Undergrad: 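Structure below; questions to follow.
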Amino acid sequence: MSRSVLYDAPGPRGRRRIAVASVVAGVVLVGLAVLAVRRLAANGQFDGSRWSPLFNPGDEDFADLWRLLGGGLVHTLTAAALAMSLSLLLGVLIATTRISAARWYRWAVVGMVELLRGVPVVIAIFFAAQVLPVHGLKLPPLWYIVIGLTAYNSVVISEIVRAGILAVPKGQRDAAAALGLTRGQTLRIVLLPQAFRSMLPALISQLVVILKDTSLGAFISYEELLRRALIAIQTLHNPIQTYLVIGGIFILINYLVTRLATYLEARLSGRRARPSVPAEDLATG
Amino acid sequence: MDVITDNLGLYADGLLGTLTICGLVAVAALLLGVVLAGFRVSPVPPLRAVGTAYVTLVRNCPLTIVLFAFAFGLPEVGINGSYFAFGVTGLTVYTAAFVCEAVRSGIGAVETGQAEAARSIGLTFGQSLRLVILPQAIRAVIPPLGNVGIAMVKNSAIVGAFGVGGELYSVASTLNGARGEPALPVYAGVVIGYLVIVIPAGLLVLAAEKRLRVAR
């Protein structure tokens, strides 16, 4: 942030103060880093045996470990892709129902949306994993994750879609009506394509949320990345190093996805259909 | 539904436990988040870099991994604690990144002209901050902060799934897992417990949003 509301562009004295503060902050940060490294070293965290299975291709465990983790990553991405597609499908369905349904029926939809939005995702996943099998629906763990994630994210996405549809200028709807398009046609041909463009950044941000939440699969023994990492740690005894690596994988993927969302937002905001739902605002954790 | 009415005390304890975790995390994450936001808007480059790095790393990492790393990573370097302490710390570290972003965007929402006007009528830095910028920034910050808070309440369930005990999620594992009560009503009760917190909080945020909206 080169220009801030909080202060003027610094003058010579201000610049000197900033320089001094930078040096002090730098020294403090380096000091903290040294303390952390010494603590890690004192507890043997830099021993080669803890790192080489992860980073040294010559290590006897390297190939097995990465086959394990790679498979986990594939499972993570599978769950995320399925949950995202289903959530998008259901989200569009819920949003269009909410916009076009009869009044009494709309209340039912609104109620369901508000209810599901308030349920923690982890509870939704446990709910699926514990309740469905009792009532005769026995599925592989992947589907409990997908059902739990979809239950929550489809209503979140329906809100994004609704905001997107409502943000399309009213003239578009009027024009479609004047052309004699039915309500369904208006929605499908005129409103949704335009809305979709404006909500793309927000949808991509939601993808980050879904991807992060797939790691909850570790609790119901779905063998995604985190679960596989836990398995690996049991034999290799290097929790810090393994968490660093899998955390890094998640951070890298999500960072790239977020950058994509920001890029699209910047590109699309130049056009008439402005993103009605900013990408950043929706991700609250 | 007898399970819920028979175990109302257990559910109430769980609700209280969840509220305790959330209260602790809310205070700590607010403090840490505001400090981080201060870092991110400060004129000192190293502090800005720290703030940006923190937010980028923490926001993109699943809370589950943060919690596992705290509970099983820290003991490796001789830092021991209870699951409760690790859970609360992990959720705080995670939530602070979102608090930071909410606060930062609030400060960013105040137009530069406001500060310029304040300075041009001769207000000092302290006066312009206190009388002009902060009142507007706080207005812009409260609704998003409320949403972060709601997300935090829901995330506390992950801390619960981690085995902290004594909060809403653990009620389900006690009743369903240990005592073999039927899953559906047990989970319905837990969901109601969360909704009791989240829905009023959501309405509060909505009301605050309406009240604090300023024509800009």
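Predicted model, so just to flag it, every value in this text is computed and none were measured. Computed over heavy atoms, backbone and side chain alike; hydrogens, waters and symmetry mates excluded. Per chain, numbering begins at 1; letters A, B, ... match sequence-line order.
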Undergrad: Which one of B:Ile65, B:Leu129, B:Val198 has the most heavy-atom pairs closer than 4.5 Å to chain A?
TA: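 Heavy-atom pair counts peak at B:Ile65.
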Undergrad: Please classify the contact of A:Leu29 with chain B as side chain, backbone, both or neither, using a heavy-atom distance under 4.5 Å.
TA: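 Interface part for A:Leu29: side chain.
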Undergrad: Which answer fits B:Val66, side chain, backbone, both or neither, if we ask what part of it has an atom under 4.5 Å from a heavy atom of chain A?
TA: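 Contact with chain A involves no heavy atom of B:Val66 at all.
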Undergrad: Looking at A:Tyr255, I'd like to know if its OH atom is crowded, meaning that more than 12 non-hydrogen atoms belonging to other residues, nucleotides or ligands lie closer than 6.0 Å.
TA: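 Atom OH in A:Tyr255 is not crowded, with 12 or fewer foreign heavy atoms closer than 6.0 Å.
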Undergrad: Ignoring hydrogens, what is the shortest heavy-atom contact between A:Arg39 and B:Val77? Give both atom names and the distance.
TA: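 Nearest pair, atom of A:Arg39 first, then B:Val77: NE-O, 3.0 Å.
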Undergrad: Supply the atom-to-atom distance B:Glu76 CD to A:Tyr243 OH, rounded to the nearest 0.5 angstrom.
TA: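 Atom-to-atom, B:Glu76:CD and A:Tyr243:OH are 9.5 Å apart.
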Undergrad: Of all the residues in residues 108-123 of chain A, which have a heavy atom that comes within less than 4.5 Å of a heavy atom in chain B?
TA: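 Contacts with chain B: A:Leu115, A:Arg117, A:Gly118, A:Val119, A:Pro120, A:Val122, A:Ile123.
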Undergrad: Measure the CZ-OG1 distance between B:Phe68 and A:Thr242 for me, rounded to the nearest 0.5 Å.
TA: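 Here the interatomic distance stands at 13.0 Å.
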Undergrad: Any heavy-atom pair between the side chains of A:Ile18 and B:Pro45 that's under 4.5 Å?
TA: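 They are in side-chain contact.
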Undergrad: Give the minimum heavy-atom separation between B:Gly78 and A:Asn43, together with the two atoms involved.
TA: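 Result for this residue pair: N-OD1, 4.1 Å.
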Undergrad: What is the ring orientation for A:Phe127 with B:Tyr187, classed by angle as parallel under 30°, tilted 30 to 60°, or perpendicular over 60°?
TA: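 Correct class here is perpendicular.
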Undergrad: Please state whether the side chain, the backbone, both or neither of A:Leu226 comes within less than 4.5 Å of a heavy atom of chain B.
TA: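 Looking at A:Leu226, just its side chain touches chain B.
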Undergrad: Considering only heavy atoms and a distance below 4.5 Å, find which of B:Leu57, B:Ile199, B:Leu63, B:Leu168 pairs most often with chain A.
TA: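 Most heavy-atom pairs within the cutoff with chain A belong to B:Leu57.
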Undergrad: For a 4.5 angstrom cut-off between non-hydrogen side-chain atoms, does B:Arg59 reach A:Asn254?
TA: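 No, every pair of side-chain atoms sits at 4.5 Å or beyond.
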Undergrad: Give, as side chain, backbone, both or neither, the part of B:Ser128 having an atom under 4.5 angstrom from any heavy atom of chain A.
TA: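 Contact with chain A involves no heavy atom of B:Ser128 at all.
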Undergrad: Could you check which of B:Pro62, B:Ala172, B:Ser173 has the highest count of heavy-atom pairs closer than 4.5 Å to chain A?
TA: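 Option with the top pair count is B:Pro62.
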Undergrad: Given the options A:Val131, A:Leu252, A:Leu40, A:Ile251, which has more heavy-atom pairs under 4.5 Å with chain B than any of the others?
TA: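 Looking at each option in turn, the highest pair count goes to A:Ile251.
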Undergrad: Any idea which heavy atoms bring A:Gln130 and B:Ala183 closest together, and the distance?
TA: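 In terms of heavy atoms, the two residues are closest at O-CB, 3.8 Å.
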Undergrad: Mind checking side-chain hydrogen bond (donor to acceptor under 3.5 Å, both in side chains) for A:Gln241 and listing every partner two or more places apart, or none if nothing turns up?
TA: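 With sequence neighbours excluded, A:Gln241 shows a side-chain hydrogen bond (donor to acceptor under 3.5 Å, both in side chains) to A:Gln45, given in chain and number order.
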Undergrad: Tell me, yes or no, whether the heavy-atom count around A:Phe46 atom CZ, taken from other residues, nucleotides or ligands under 6.0 Å, exceeds 12.
TA: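 It does: A:Phe46 CZ has more than 12 such atoms within range.
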Undergrad: Where do A:Leu216 and B:Ile158 come nearest, in terms of heavy atoms and distance?
TA: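 Scanning both residues completely, I find the closest heavy atoms to be CD2-CD1, 3.7 Å.
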Undergrad: Which heavy-atom pair separates A:Gly247 from B:Cys61 by the least distance, and what is that distance?
TA: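 Heavy atoms of A:Gly247 and B:Cys61 come nearest at CA-SG, 4.1 Å.
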Undergrad: In sequence, state the C-alpha distance, the side-chain angles, and the governing distance for A:Val134 and B:Leu184, and then conclude on side chain to side chain contact (heavy atoms under 4.5 Å, CB included).
TA: CA-CA 9 Å; A:Val134 179; B:Leu184 184 60; over 6 Å; no
Undergrad: With rounding to the nearest 0.5 Å, note down the distance linking CG in A:Asp213 to OG1 in B:Thr64.
TA: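 These two atoms lie 7.0 Å from each other.
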Undergrad: Assess the pair A:Phe126 and B:Tyr169: is the distance between their ring centroids shorter than 6.0 Å?
TA: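 Yes, the ring centres sit under 6.0 Å apart.
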Undergrad: Is it the side chain or the backbone of A:Arg50 that comes within 4.5 Å of chain B heavy atoms, both, or neither?
TA: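 Only the side chain of A:Arg50 comes within 4.5 Å of chain B.
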Undergrad: Measure across A:Phe219 and B:Ala161 and return the closest heavy-atom pair with its distance rounded to 0.1 Å.
TA: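 Nearest heavy atoms, A:Phe219 then B:Ala161: CE2-O, 3.6 Å.
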